[in-house]
Amino acid sequence: MTMPTIKHVRAFTVRGGGADYHDQQGYHWIDDHIATPMARYPEYRQSRQSFGINVLGTLVVEIEASDGTVGFAVTTAGEIGAYIVEKHLARFLEGRPVTEIEKIWDQMYFSTQYYGRKGVVLNTISGVDLALWDLLGKIRDEPVHAMIGGPVRDELTFYATGARPDLAKGLGFVGGKLPLHHGPAEGVEGLKKNLEEIAEMRSRVGDDFWLMLDCWMSLDLDYATRLAKGAGEFGLKWIEEALSPDDYWGYAALRKAVPAGMLVTTGEHEATRWGFRMLLEMGCCDIIQPDVGWCGGLTELIKISALADAHGALVVPHGSSVYSYHFVVTRTNSPFAEFLMMAPEADKVVPMFTPLLLDEPVPVNGRIRTSALDKPGFGVRLNPDCTLVRPYAR
Ligand SMILES: C[C@H](O)[C@H](O)[C@@H](O)[C@@H](O)C(=O)O
Ligand SMILES: [Mg+2]
């Protein structure tokens, strides 16, 4: 079978949910007084959108092959990402065989290394990489998981991230991850409120349901240590992303300070095998949580996962819809996955990247059967009702 070549790459932006799931309108639990590094400024404490958590918006990367097949993927990169795709990365794809995924990744990364390495450039590279895997799966008529080693389990098990772990328990999830609401700038009062919230949620969910805390980079080592020790009595399963992603030294110290049995996790804002090598070799965490739409894509996540496996660390990707499901189902060191509750009150299951993807599978009773991931590529379609803009059309 002669494989087609890549004919054209197109980059679009779209607003309102989708891959940039922080980009919500109206009330939403995900934008309700959640602790962040910006919470040291009172004017940016009530809403993360106030400091711009949703400025990027969603990037849609579309890749058309010479036989007319079109693959696509979505990530958080918006117009900046569209610029990078159309003005820089497209040259490494157009005209190439659709199978040259590894070589294309290498050229995308090293051609942008002088201005990239992490952040929105790696989000963009991730989007292109995921679109390439979607395209290849459609051409080969195979789901992506079948091209990277195949499933190791018959179903995916999920914990839920959102304001209502008590409701998530009733929906069949194995655990619930609460956002932390008060940071160090709110002092002892804030710490007390944080612990009261954990205590209250533990009383609602009972002793056997996993309860985790997501700190979204908002703390310092001292506060994180006090919070972890205070939360220990409520059986907190893990404390997530307590410190700045750059504070590898702080994470290594926190991991030694937390109560026995409590896990330290991080990684959703880390990128590439080199970034995760630092986290692993410095003993920063028990579980790494790369986002496959941000860390470098599937091609890079496979490398990161092997590194973690050698270190005995679990890889539980940050919630990224089908893009992480096709990966998690094929890895023995990824025993469960994250599901972000994107209903405004975190009270019901809606597709994670709603409203952008059609046919996006969602957990039923906290599980997704592997058989639900059997369509070619990543098995999803773009919602034609979502308005795509191509800001740098060529
Ligand atoms: C719930 C957290 O504050 C973030 O909004 C979330 O995107 C991320 O940190 C997560 O782990 O899901
Ligand atoms: Mg997180």
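Whatever order the structure lists them in is the order used to number ligands and atoms, beginning at 1.
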Considering both backbone and side-chain atoms of Glu241, is one of its nitrogen or oxygen atoms within less than 3.5 Å of a nitrogen or oxygen in ligand 1?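 No; every N/O pair is 3.5 Å or more apart.
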Hey, does His22 come in under 3.5 Å of ligand 1, counting only N/O atoms on both sides?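 Yes; the residue has a nitrogen or oxygen that sits under 3.5 Å from a nitrogen or oxygen of the ligand.
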What is the name of the N/O/S atom in Glu268 that sits closest to the Mg ion (ligand 2)?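 Atom name of the closest N, O or S in Glu268: OE1.
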Using only N, O or S atoms, tell me which atom of Glu240 is closest to the Mg ion (ligand 2).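 Checking each N, O and S atom of Glu240, the shortest distance to the Mg ion (ligand 2) belongs to OE2.
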How far is atom 12 (O) of ligand 1 from the closest protein heavy atom, and which atom is that?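 Looking at atom 12 (O) of ligand 1, the protein heavy atom closest to it is Glu338 OE2, 2.5 Å.
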Return the residue, atom name and 0.1 Å-rounded distance of the protein heavy atom closest to atom 1 (C) of ligand 1.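 Of the protein heavy atoms, Thr161 CG2, 3.7 Å lies nearest.
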Between [X] (side chain only) and [Y] (backbone N and O only), is there a donor and an acceptor less than 3.5 Å apart?
| X | Y | result |
| --- | --- | --- |
| Asp134 | Ala73 | no |
| Ser47 | Asp31 | no |
| Glu94 | Val9 | yes |

Which bit of Glu268 is near ligand 1, meaning a heavy atom under 4.0 Å away: side chain, backbone, both or neither?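 The side chain, only.
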Answer with side chain, backbone, both or neither: which part of Arg48 has a heavy atom less than 4.0 angstrom from an atom of ligand 1?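 Just the side chain.
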Looking only at heavy atoms, which two atoms of Met3 and Ile139 are closest? And how far apart?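 Heavy atoms only, the tightest pair is CE-CG2, 3.8 Å.
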Can you name the closest pair of heavy atoms from Leu195 and Ala231 and give their distance?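 Between these two residues, the closest heavy atoms are CD2-N, 3.6 Å.
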Please list, in number order, the atoms of ligand 1 under 4.0 Å from a heavy atom of [X].
| X | value |
| --- | --- |
| Ile30 | 5 (O) |
| Tyr21 | 6 (C), 7 (O) |
| Lys177 | 10 (C), 11 (O), 12 (O) |

Can you tell me if Lys7 has over 12 outside heavy atoms packed within less than 6.0 Å of its NZ?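 Counting other residues, nucleotides and ligands, NZ of Lys7 stays at 12 neighbours or fewer.
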N-O pairing of Glu189 and Lys193 below 4.0 Å: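 Answer for the salt bridge query: no.
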For Glu233, is there an ion pair with Arg202 - N to carboxylate O distance below 4.0 angstrom?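 No, Arg202 and Glu233 are not salt-bridged.
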Metal check, the Mg ion (ligand 2) vs Asp214 N/O/S, cut-off below 2.8 Å: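 Of the N, O and S atoms in Asp214, at least one lies under 2.8 Å from the Mg ion (ligand 2), which means yes.
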Mutual orientation of the aromatic rings belonging to Trp238 and Tyr159 [parallel < 30°, tilted 30-60°, perpendicular > 60°]: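 Trp238 vs Tyr159 ring planes: perpendicular.
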Give a yes/no on ligand 1: does Gln289 have at least one heavy atom closer than 4.0 angstrom to it?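 No, Gln289 has no heavy atom closer than 4.0 Å to ligand 1.
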